K.L.:
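What follows is a structure written as structure tokens; I'll ask about it next.
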Amino acid sequence: MVSEVEPGARVRVPFSERGLPAAIRRHPHAFALAGLVVASLLFELHVSSQCSLWIDELNTYVIVTRKPWAAVLRGGSPEHPPLFFVLVKLVTDLFGASAASMRAPSFAFGCVELVAIHWLCLELGLKRSRALVIVASVALAPFFVRHAAEARHYALFPAMATLAICCTLRCLREPTRLRYFAGFAASAATMAATHYFGLAYGCALLGVLAVDLGPRWKRLGLTRKQTLLAALILAALFGIFAWILAGAIDLARFYSKPRAVEGTLPWPDLLAAIAGEFSFFGAVPWASYVEIGFAAAGVVLIGIRQRGLARIVPAALAFAPCAASLLVSSGHFIAARYLAPSWVLYHLGAMAALLALGDFLARTAGALKPRLAHTLAWTPLAVVLLLRVAEYPTEYGTGTDYYEGLQTYFTEHFKSDTALVTFDGFFGERIMGLMYPVGSAPIWLEKFRPRRGVNRYVIAEIQADSPDRQAKLEGLIKLHFGLSPEAWRALPLLDLPHSEYQPAVLARLVVLKDGNAVVSEPAAKHPHRTHRHRRAEPGPES
């Protein structure tokens, strides 16, 4: 019997059939992706709250707070195009120049990057469930978390590059849908305007489109309006690329003059650094070499599924830029984060290889014990994710820093007759004098002069963990304070506060009497610290 409903009467629909529950049932993967993005953002915010700004982030701080808009629009810094600094300056002008404000663009584009990686997985033919698992693995990757929680370019850069790759793959399949060509042009231009390495990635993708679509352009059947629109998009892209190229040439001239006699970058060390940064397990020394094999196998497996030139895109962009970076002048330090778009494909390939290994195990065991097949299919990837989570928090700190505790300690424990002396001075002045001030500006050990009325100096060693740096430090101590290296090492270390994210900032108290150093007051033994240093980007101001 069918019940009748009076006209105009309100019909109660069960909650499970309306609103959010119904939407989740209709689009479960979209909501799962949104949940992963939100969870990843919360984790990045947590990591950021535990990390002070490190030296490159403080360069961003100086650019957006000390330079006018005209200088920022011109570039702000010769090492990079201006787009990222423009975005950060917009945010800091609205919300103030706090660490959270300066990192806000990176948080936002970290979310964009996860969505773009999900789209890339689908473009490469992976199932939605597997695409979600790969996005989760990216969200737990130390490389991603560190760079999505810092006030630098390395969230915006790979996000735009991943979108450009997605649009390129779609253009190869559907060349007449110009919205994807426009999307490629916009993301490639944004990528190039963020980092000079982005220009190389953009040109490589544009070359793929030109080689594939150029010979068959007339057979595509585009209308005159579509042809004109494509020409306008291409002209605009060429114009932006030409502008970025002019800046890259100027940068090359800047580094070639003062640094031409310094020799070349140790190339094997660069490749080892790239493998180490791309590695899933930074704490496992041999892991990076195993992962290279997994990544190479994975991008080949993914490429085989594609057609035409799309087959070479994953492997070429994952590995070719790493080798090509060896040809770049050693005037400026080359870091793995400059190749972040390659990391995305490297990581995706490695995950795809682990999933393929799981499929092999499932097929092998399925004939004997069918119930184990599904479990074994996910076992390799589950082991990887569990081992990665076990690395928290050591591998997730942004750079080598947590200095706010040091500032608090200094201001609470020392009076006006005590001054802070930092080595390296540039690093210390930026960290301890600009963003987290200690009261009076710290003294550079490299430029030390005694201050009137001050006879107690806390000398903090920052980035003095190599033999050469240690020898330079001890030479300056002997020059300015008359302490031999043996006497300097015999002084007790101050018991500075620290966290898992803080580097080995070692500090000793030196007391001057009649201009000569005397034995300082005893202090508690300094606890052992382990840390990883990340080399800063040298710039003209350094």
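Fair warning: this is a prediction, and the values are worked out from it, not measured in the lab.
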K.L.:
Might you work through the side-chain hydrogen bond (donor to acceptor under 3.5 Å, both in side chains) test for T92 and Y61, ending with a clear yes or no?
P.N.:
CA-CA 9 Å; T92 54; Y61 174 83; over 6 Å; no
K.L.:
Do P105 and L156 come close enough that some side-chain heavy atom pair is under 4.5 Å?
P.N.:
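P105 vs L156: side chains apart.
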K.L.:
Less than 4.5 Å apart, any side-chain heavy atom of L376 and any of T379?
P.N.:
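Side chain of L376 against side chain of T379, heavy atoms only: contact under 4.5 Å found.
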K.L.:
Return yes if some donor-acceptor pair links the side-chain N/O of S101 with the main-chain N/O of A97 below 3.5 Å, else return no.
P.N.:
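Side chain of S101 to backbone of A97, a donor-acceptor pair under 3.5 Å: no, none is there.
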K.L.:
Find out whether L339 and Y201 are in side-chain contact, i.e. whether some heavy atom of one side chain is under 4.5 Å from a heavy atom of the other.
P.N.:
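The answer is yes, as the side chains (C-beta and beyond) meet within the 4.5 Å cut-off.
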K.L.:
Between K89 (side chain) and F84 (backbone), is there a donor-acceptor pair under 3.5 Å?
P.N.:
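Here the side-chain-to-backbone pair does not exist.
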K.L.:
More than 12 heavy atoms of other residues, nucleotides or ligands under 6.0 Å from CZ of R128: yes or no?
P.N.:
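For R128, atom CZ is not crowded (no more than 12 foreign heavy atoms under 6.0 Å).
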K.L.:
Hey, are the side chains of V91 and V64 touching, using non-hydrogen atoms and a 4.5 Å cut-off?
P.N.:
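No. Closest side-chain heavy atoms not under 4.5 Å.
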K.L.:
Only one of I249, L199, T194 passes side chain to side chain contact (heavy atoms under 4.5 Å, CB included) with I244; say which it is.
P.N.:
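That would be L199.
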K.L.:
Tell me, with the steps shown, if M160 and V112 meet side-chain contact (heavy atoms from CB on, under 4.5 Å).
P.N.:
CA-CA 9 Å; M160 293 300 104; V112 173; 4.3 Å; yes
K.L.:
Where do F181 and L234 come nearest, in terms of heavy atoms and distance?
P.N.:
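Answer, listing the atom of F181 first, then L234: CZ-CD1, 3.9 Å.
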K.L.:
Carefully, step by step, assess Q306 and V313 under the rule side-chain contact (heavy atoms from CB on, under 4.5 Å).
P.N.:
CA-CA 9 Å; Q306 313 307 311; V313 170; over 6 Å; no
K.L.:
Using modelled atom types and a 3.5 Å cut-off, is there a donor and acceptor pairing between side-chain atoms of S137 and backbone atoms of I134?
P.N.:
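Yes, S137 side chain to I134 backbone: donor-acceptor pair under 3.5 Å.
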K.L.:
State, to 0.1 Å, how close L124 and R305 come at their nearest heavy-atom pair, and which atoms those are.
P.N.:
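Looking at all heavy atoms of both residues, the closest pair is O-CD, 4.2 Å.
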K.L.:
Short question: side chain of Q226, backbone of T223 - any donor-acceptor pair under 3.5 Å?
P.N.:
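Pair found, side chain donor or acceptor close to backbone of T223.
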K.L.:
Are any non-hydrogen side-chain atoms of L169 and L120 less than 4.5 angstrom apart?
P.N.:
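In contact.
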K.L.:
Between R307 and D212, is the closest basic N to carboxylate O distance under 4.0 Å?
P.N.:
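So D212 does not pair with R307 through a salt bridge.
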K.L.:
At what distance, to the nearest 0.5 angstrom, does OG1 of T227 lie from CG of L232?
P.N.:
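Here the rounded value is 11.0 Å.
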K.L.:
Verify the ring-centre separation between Y338 and H153: is it less than 6.0 angstrom?
P.N.:
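No: the rings miss the under 6.0 Å criterion.
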K.L.:
With a 3.5 Å cut-off and no angle check, do the side chains of T190 and S187 form a donor-acceptor pair?
P.N.:
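The criterion, which ignores hydrogens and geometry beyond distance, is not satisfied for S187 and T190.
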K.L.:
Rounded to the nearest 0.5 Å, how far apart are CD1 of I274 and OG of S279?
P.N.:
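Interatomic distance, I274 CD1 to S279 OG, rounded to 0.5 Å: 13.5 Å.
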K.L.:
Specify the closest pair of heavy atoms between L114 and L33, including all atoms of both residues, with the distance to one decimal.
P.N.:
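Closest pair (atom of L114, atom of L33, distance): O-CD1, 4.5 Å.
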K.L.:
Would a 4.5 Å heavy-atom cut-off, applied to side chains only, mark I302 and L345 as touching?
P.N.:
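Counting from C-beta outward, I302 and L345 never come under 4.5 Å.
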K.L.:
Please evaluate residues E123 and R170 with respect to the criterion salt bridge (charged side-chain N to carboxylate O under 4.0 Å, His left out), reporting the C-alpha separation (whole Å), side-chain torsions for both, the decisive distance (0.1 Å), and the verdict.
P.N.:
CA-CA 7 Å; E123 288 293 330; R170 184 59 67 93; 2.5 Å; yes
K.L.:
Nearest 0.5 angstrom please: I117 CD1 to C166 SG, how far?
P.N.:
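Between I117 CD1 and C166 SG, I get 9.0 Å after rounding to 0.5 Å.
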K.L.:
On the six-membered ring of W343, is R337 placed so that its NZ or CZ lies under 6.0 angstrom from the centre and within 45° of the ring axis?
P.N.:
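Pair R337/W343 does not count as cation-pi.
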K.L.:
Mind checking the CG-CG spacing from L126 to L355? Nearest 0.5 Å is all I need.
P.N.:
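CG of L355 is found 7.5 Å from CG of L126.
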K.L.:
Check whether any side-chain heavy atom of V344 lies under 4.5 Å from a side-chain heavy atom of E113, and answer yes or no.
P.N.:
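In contact.
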K.L.:
Run the salt-bridge test on E277 and R146 with the 4.0 Å N-O cut-off and return the result as yes or no.
P.N.:
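Here E277 pairs with R146 in a salt bridge, since their nearest N and O are under 4.0 Å apart.
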K.L.:
Report yes if some heavy atom in the side chain of L87 is under 4.5 Å from a heavy atom in the side chain of F109; otherwise report no.
P.N.:
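Yes, their side chains come closer than 4.5 Å.
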K.L.:
On a heavy-atom basis, which atom in Y196 and which in E79 lie closest, and how many Å separate them?
P.N.:
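In terms of heavy atoms, the two residues are closest at CD1-O, 3.4 Å.
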K.L.:
Apply side-chain contact (heavy atoms from CB on, under 4.5 Å) to the pair R152 and N59, showing each step before the final yes or no.
P.N.:
CA-CA 9 Å; R152 296 299 285 175; N59 287 337; 4.3 Å; yes
K.L.:
Considering non-hydrogen atoms only, spot the tightest contact between F107 and A148 and give its length.
P.N.:
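The pair with the smallest heavy-atom distance is CD2-O, 3.3 Å.
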K.L.:
Any chance CZ of R216 has more than 12 other-residue heavy atoms, nucleotides or ligands included, within less than 6.0 Å?
P.N.:
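Yes, enclosed.
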K.L.:
Of Y346, F319, Y289, which is the lone residue that meets ring-ring contact (aromatic ring centres under 6.0 Å, His included) with F278?
P.N.:
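Single pass found, and it is Y346.
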K.L.:
Do F157 and H147 have ring centroids that are under 6.0 Å from one another?
P.N.:
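Ring centres of F157 and H147 not closer than 6.0 Å.
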K.L.:
Is there a donor-acceptor pair under 3.5 Å between the side chain of R177 and the backbone N or O of C171?
P.N.:
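No, the answer is negative, given that no donor and acceptor are paired below the 3.5 Å cut-off.
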K.L.:
Give, for atom CD of E150 and atom CD of E44, the distance between the pair rounded to the nearest 0.5 Å.
P.N.:
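Interatomic distance, E150 CD to E44 CD, rounded to 0.5 Å: 11.5 Å.
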K.L.:
Search all heavy atoms of A151 against all heavy atoms of T60 and return the closest pair with its distance.
P.N.:
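The answer is O-OG1, 2.9 Å.
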K.L.:
Please test F144 against H347 for ring-ring contact (aromatic ring centres under 6.0 Å, His included), starting from the C-alpha separation and ending with a verdict.
P.N.:
CA-CA 10 Å; F144 169 78; H347 182 96; 9.2 Å; no
K.L.:
Compute whether any side-chain donor of one residue and acceptor of the other, for T168 and Y180, lie under 3.5 angstrom apart.
P.N.:
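Not at all, the side chains of T168 and Y180 share no donor-acceptor pair under 3.5 Å.
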K.L.:
Is a side-chain N or O of S77 found less than 3.5 angstrom from the main chain of H80, in a donor-acceptor match?
P.N.:
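Absent.
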K.L.:
Check step by step if side-chain contact (heavy atoms from CB on, under 4.5 Å) holds for R388 and L385.
P.N.:
CA-CA 5 Å; R388 180 174 297 160; L385 295 181; 4.1 Å; yes
K.L.:
Could you tell me the separation between the CG atom of L222 and the CH2 atom of W217, rounded to the nearest 0.5 Å?
P.N.:
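Rounded to the nearest 0.5 Å, the CG-CH2 separation comes out at 5.0 Å.
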K.L.:
Assess whether a salt bridge exists between E57 and R103, defined as any Lys/Arg side-chain N lying under 4.0 Å from an Asp/Glu carboxylate O.
P.N.:
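A salt bridge is present here (some side-chain N lies under 4.0 Å from a carboxylate O).
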